[in-house]
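Heavy atoms only: backbone and side chains are in, while hydrogens, waters and symmetry mates are out.
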Amino acid sequence: MRIPLRSPRRRATAAALGAVLFGAFIGASPSARADADDPAVSVPPAGSHGFPFLAAAEDLGSYGYTENEYFISGTAHSYAKAGLWGSDGRWSVRESGSAAYKTRLLVRRPTDPAKFNGTVVVEWLNVSGQLDLSPDYWFERDELLREGYAWVGVSAQAVGVNGGLGEIHGLKGWDPERYGTLVHPGDAYSYDIFSQAGRALRAPDGPDPLGGLKVKTLLADGESQSAGFMTTYADAVQPVAKVYDGLMIHSNSAVGAPISGELADTLTMPNPSRIRTDLPVPTFVVLTETDVPLASAARQPDTGSVVHWELAGTSHGDQWAYDLGDPTLKKSAGSAAPQADCTAGTAPFNDGPGHYSMNAALRHLASWARGGARPPSGAPLNTALRDPRTGLATGGVRLPDITVPTRTLTGLRHLGLGDGVFCGLYGARDPWNGDTDGWDEHDAGDPSNPSFPPVAEPVLSRLYPTHAGYVAKVQAAAQQSVDGGYLLPEDAAAIVKAAQDSSIGG
C-alpha cells in the first residue's frame with residue numbers, strides 16, 4: 001500500500017529531557033507478596049499554584065484530552081533478593097518490609113470515552129534531574145494523543161516527592177499546600193508503589209483516575225534512569241505482582257537498578273542485567289545511539305516475549321524532546337528548573353527520528369500485549385563503525401533521515417566549557433551546508449567541536465541533483481520503513497510532506 005499524503009503534523013514543542021535524563025513469577029520465593037495492598041484514591045487540594053507539577057504546557061483540550069491529578073495512598077512493601085541473581089534476569093525476591101506512603105498520579109485521558117482505545121500507558125516518571133519529568137510522554141506524544149491512549153505519570157521515586165539537592169524541592173517543596181501530605185518512605189518501596197498505581201487504575205478505591213474509562217490493556221513505561229528501574233521491575237517484580245500487560249524499556253544501560261536501598265545490593269547487581277525470557281507478557285527494549293555503548297553488554301537474542309530495537313542516528317535526549325518538554329518544565333519549576341546551557345562551542349542538538357521510532361514501538365507493544373503479532377526485530381547498531389562519507393553509524397533501525405540523509409546525526413556531543421552534565425545526552429547534528437569543496441569546520445575534527453568524525457561531507461546539490469529526485473528517494477525510504485514495521489503510515493506521510501516542502505535538490 002502507498003503512503004497517504006496528509007498535511008504535516010503540527011510541530012510539537014519538545015522537552016527538557018536533557019536536564020532530566022540519566023543520572024536500569026515464575027520461580028519467585030513463596031514469601032514474595034503477589035497481592036499487595038490496594039491503595040486508596042483521593043483528589044488533591046488546589047494548592048498555591050492551582051495546577052499540578054508537570055502540568056502540560058500545550059493545549060490538551062485542542063486534542064480532545066483532559067488532565068487531572070490524583071493521590072494514591074496505603075501501605076507499600078519492599079523487596080529483597082531471594083537466592084542468587086544472574087545475568088539471565090530470572091530473579092526471585094522476598095518481601096522485606098512495609099511502610100505507609102502517599103504519592104500522586106498525573107492523568108491525561110480522552111475527554112470523549114468513545115475516543116479511548118482501551119490502552120493506558122503508565123510512565124515511571126524520571127527523576128535524574130532531582131524532580132519529576134516525563135520523557136516518554138514527550139517522545140510518544142503524537143501517537144498517544146492521535147490514537148486515544150490514556151497516559152498516567154507515577155511519582156514512584158522518593159526524590160520526586162521529597163526533593164533533592166539545592167533549590168530543587170520536589171513536589172512537597174514546590175507546593176506545600178497541595179503536596180504537603182505526601183509521604184514517600186524511599187526507593188526500596190518504589191516498585192510496589194508502581195504496582196499499586198496500576199491496580200488503582202484497574203479497580204480504584206475512591207475517585208476513578210480514568211473517569212470511568214474501561215481499561216483493556218495496561219502498559220508500563222520508563223525511559224533512562226526509569227528504564228533501569230523498569231529492567232528490575234520486569235525481572236523481579238512483574239512476575240509476582242502481575243499488574244501490567246506489557247513493558248516498554250527505553251534507553252536502559254547494561255545493569256538494572258537495585259531492588260533495595262542497600263549499598264551492597266547496588267554493588268552486586270548482575271552485570272549485565274538481561275531481560276528474563278519466561279515472562280508471559282511482552283517486553284520491548286528500545287535503545288538510542290547514545291545508549292548502545294553502555295548497554296551492548298546486555299544484548300540478547302529476541303524471543304517470543306522480548307524484542308529489541310537499536311535506533312541509528314538518534315540520541316538519548318534530542319531536539320524534539322527538548323522543544324516539547326522545556327515549556328512544561330518552565331511552567332512548573334520556573335527558575336528552580338535544572339538549566340543546562342549546552343551551546344558552548346558545540347553543534348546543535350540531534351534532531352533525528354527517535355520520536356517516530358517510539359511511536360511505532362508503542363503501537364507495536366499495545367497490539368502485542370493484546371495478543372497481536374510480535375514486532376519485527378531490529379538489526380544491531382554499530383556506533384564505532386561509521387559511514388566514511390556521511391559520518392552516520394552503521395546498522396540498527398534506519399528511518400528515512402538515515403537512509404536519505406541530509407546531515408550527520410550522532411548520539412553523543414562534545415561537552416564544551418560550561419556545558420551542563422546532561423548536555424552530552426542530547427546528541428548532535430551537523431547540517432550539510434553545501435560547501436563547494438564538500439568540507440566545513442567539523443570535517444577536520446576541530447578540537448573545539450569533536451562531536452563528529454572527520455569526513456568530507458556530501459554537497460547536497462550533488463547528492464540530490466533535483467528536488468523531485470530527492471522527494472522520490474524519501475518516499476521510497478519511508479514506504480520501505482512502513483513495510484518493515486519500523487515507521488507508522490501517519491509519520492511516513494509527515495516525513496514525505498516535509499521533504500516536499502523543503503528546498504533540497506537542484
* Asked: In a check of side chain to side chain contact (heavy atoms under 4.5 Å, CB included) between Thr283 and each of Ile275, Val307, Asp235, which one passes?
  -> Ile275

* Mind checking whether Trp138 and Tyr322 have ring centres under 6.0 Å apart? -> no

* For the rings on Tyr191 and Tyr79, is their centre-to-centre separation under 6.0 Å? -> no

* Asked: Hey, are the side chains of Trp151 and Asp221 touching, using non-hydrogen atoms and a 4.5 Å cut-off?
  -> no

* Are any non-hydrogen side-chain atoms of Asp132 and Gln157 less than 4.5 angstrom apart? -> no

* Structure fact -> So OG of Ser155 and NE2 of His184: to nearest 0.5 Å the spacing works out to 8.5 Å

* Going by heavy atoms in the side chains, are Asp205 and Asp38 under 4.5 Å from each other? -> no

* Asked: Run the side-chain hydrogen bond (donor to acceptor under 3.5 Å, both in side chains) check on Lys102 and Ser42 step by step: do they pass?
  -> CA-CA 10 Å; Lys102 186 177 184 180; Ser42 59; 4.8 Å; no

* Asked: Are side-chain heavy atoms of Arg429 and Gln319 found at a separation under 4.5 Å?
  -> yes

* Would you please indicate if the ring centroids of Tyr233 and Phe194 are separated by under 6.0 Å? => yes

* Would you say Tyr70 and Val43 make side-chain contact, with heavy atoms under 4.5 Å? -> yes

* Structure fact -> Which of Thr266, Asp265, Asn271 passes side chain to side chain contact (heavy atoms under 4.5 Å, CB included) with Met269? It is Asp265

* Between Tyr137 and Val121, is any pair of side-chain heavy atoms under 4.5 Å apart? -> no

